[in-house]
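Reminder, nothing fancy here: chain letters follow the sequence lines and each chain counts from 1. Reckoned from all heavy atoms, side chains included, excluding hydrogens, waters and symmetry mates.
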Protein chains: 2
Amino acid sequence: MSTTFPEGARIARSVLSDETYGVIRDLVLEHRIAPGSRVNIDSLSAELGVSPTPVREALARLESDGLVVKVPLRGYSTTPLLTVREFVELTQFRVLIEQWTAAQASASISPETTAALRAELAAGRATTGAREAGPDAFRALTDHDARFHALIAKSAGNDLIAQSFERTHFHLHFLRLYLASHSTDADGDADHRRLNAVLEEYDRSGQVSRTIDNHAAIAEAIIVGDADGASQLMREHIEFSRVRFLPVVEMIASLG
Amino acid sequence: MSTTFPEGARIARSVLSDETYGVIRDLVLEHRIAPGSRVNIDSLSAELGVSPTPVREALARLESDGLVVKVPLRGYSTTPLLTVREFVELTQFRVLIEQWTAAQASASISPETTAALRAELAAGRATTGAREAGPDAFRALTDHDARFHALIAKSAGNDLIAQSFERTHFHLHFLRLYLASHSTDADGDADHRRLNAVLEEYDRSGQVSRTIDNHAAIAEAIIVGDADGASQLMREHIEFSRVRFLPVVEMIASLG
DNA sequence: TTGGTCATGATCCTATTGGATATTTCATTT
DNA sequence: AAATGAAATATCCAATAGGATCATGACCAA
């Protein structure tokens, strides 16, 4: 008997293959299944209380999403954590796309978009109320961050580009990295001590309030229709995120 | 050193679900299954001589590719042809991404990339040998076009962006549109007569040689490292394609 | 002893078959 | 003509048999 997953992971049977898809997706994204590890179809189906068939279909879709990889006749594995190179490439992609979405959103600003941006900013500020650091705070921050950037992407008026941007799941990849870094046992190992030092530096560097301030500035530029300003601020925002987070990624890569 | 065989040397075992994925994909792209029509799993599995299970898995992957859509408990349908709006959005996306890839490829030009570009140009010129118009010529042109643009995307040095670009399958969508327009019966209908007029104008407008000339100019700019020039030429190339093809898209949309 | 090869068993992916459930269609009734 | 119900159709899931891969360990040769 392997009660690996919590009871909440069980499925309310309605449209089983879709439900299964969502559950497995969350299991991967939330690190319940470790990055780079094998995914056993039989175990998973037994764990979720369904037959292998919907699990198979769910995994096929997850492969197209880039969350698992399939080796024929050998099964599925979750994709490994982002490498440093992939992290840099993802940041490049974000700069390219989001400079454009910010400018476009500015050019076609509407009262509805303005209201939505202000509401999301308020939600973001609410997360800073509790000033603690660590996984929970980081999760709340990335949730807000994901919603904020997705909102701008949708406001740019090009659904295709918005979809292409959202399907990178950049915030989920960052969350996976961060969770992985915090879940490493903090024993006396010199590597782990250095990682913890990097993490504490990251957590304490005022990242949360800094991010919210950046968002506020970007939103204001968009609302007043300052396309060039919004574009420039967006670029700086992403670059800042890259500079702050890169040491964490490098440490993780050197450990793994 | 272990002189292991390259990846391709691995024996291609019969993995039925992968095989059916490719077959169904071609069926949809080549219009053997009409756009917007239902896809019957039982009929398909009987047609292909396999059981419904691999067909189901293949369809799940195709949904992530955007070629079919699933309605729970009602089955799958092929996605309709591109709307005018989607065509415009796709062009916007291409301009945004490909200006960047062209510039980046110029900035990091290598002898290998130079050779590959020249080879692809030669292949493109070979397609213009037969000066006929119509579906076959258009197919040869889009095949070359897809390879040329994918080559530049890969040469930009960012795999993530290259993948994101290639997964739009823009050339396949264009091919579907073109094939759909040519497959409509040329009866006495006034709409069809107008469509045929638009198509003949398109086929006769020197699109083939014009495209190859554009490609040659872009390749030359990349090879000599002229990032700004390559970026600008790429933009004009895509805009030209948009202007020439848009009337066809509009006619199709007005008919469907 | 050391190194490599080969057989054997376990594990897991893969695919078919059959049945349960939802939807659609069509005939019947009001 | 509209509504209701029942048969037909198709999706959807489960159970199971069939194969491939990997791991373990024994055997043989150097």
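With respect to the salt-bridge test (charged N to carboxylate O, under 4.0 angstrom), the residues B:R61 and B:D18 qualify.
Nearer to the 5' terminus of DNA chain C, by closest-nucleotide assignment, is the contact made by A:Y76 (compared with the other of B:R74 and A:Y76).
Put simply, the side chain of A:S17 never gets that close to the backbone of A:E57: no donor and acceptor are under 3.5 Å apart.
B:P72 comes within 4.0 angstrom of the backbone, heavy atoms only, and of no base. When heavy atoms are screened at a 4.0 angstrom cut-off, A:V39 is found touching the sugar-phosphate backbone but no base atom.
Put simply, CZ on A:R56 is 17 Å from P on D:dA15, counting in whole angstrom units. For B:I41 and D:dT9, the CD1 to C1' distance is 13 Å, given to the nearest whole Å. For A:E47 and C:dC12, the CD to P distance is 13 Å, given to the nearest whole Å. Rounded to whole Å, atom C1' of C:dT14 lies 13 Å from atom CG of A:L59. Rounded to a whole Å, the CD atom of B:E57 is 10 Å from the C1' atom of C:dC13. Rounded to whole Å, the distance from NZ on A:K70 to P on D:dT21 is 14 Å. Protein atom CG of A:D42 is 17 Å distant from nucleotide atom P of D:dG18, rounded to whole Å. With rounding to whole Å, A:R38 atom CZ is found 13 Å from D:dT21 atom P.
In terms of phosphate contacts, A:T53 brings no side-chain nitrogen or oxygen within less than 4.0 Å of OP1 or OP2 of D:dC13. Regarding contacts with the backbone of C:dC13, a side-chain N or O of A:N40 is found under 4.0 angstrom from either OP1 or OP2.
Across D:dC13, C:dT16, D:dC12, the shortest atom-to-atom separation from the side chain of B:V50 is found for C:dT16. Here the nucleotide nearest the side chain of B:L16, chosen from D:dA20, C:dA15, C:dA22, is C:dA15.
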side-chain contact (heavy atoms from CB on, under 4.5 Å) between B:V68 and B:T79, intermediate numbers included: CA-CA 5 Å; B:V68 302; B:T79 52; 5.5 Å; no
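With sequence neighbours excluded, the residues that form a side chain to side chain donor-acceptor pair (under 3.5 Å) with A:S43 are A:N40.
A donor and an acceptor atom, one from each side chain of B:Y21 and B:D26, are nowhere located under 3.5 Å apart.
In the helix from C:dT1-D:dA30 to C:dT30-D:dA1, the end axes, each obtained as the rotation axis mapping the C1' atoms of four pairs onto the next four within a five-pair block, lie 10° apart to the nearest 10 degrees.
Taking the six-membered ring for Trp and the full ring otherwise, the centers of A:F93 and A:F165 sit at least 6.0 Å from each other.
To the nearest 0.5 Å, atom CG of residue B:L177 and atom CD1 of residue B:I252 are 6.5 Å apart.
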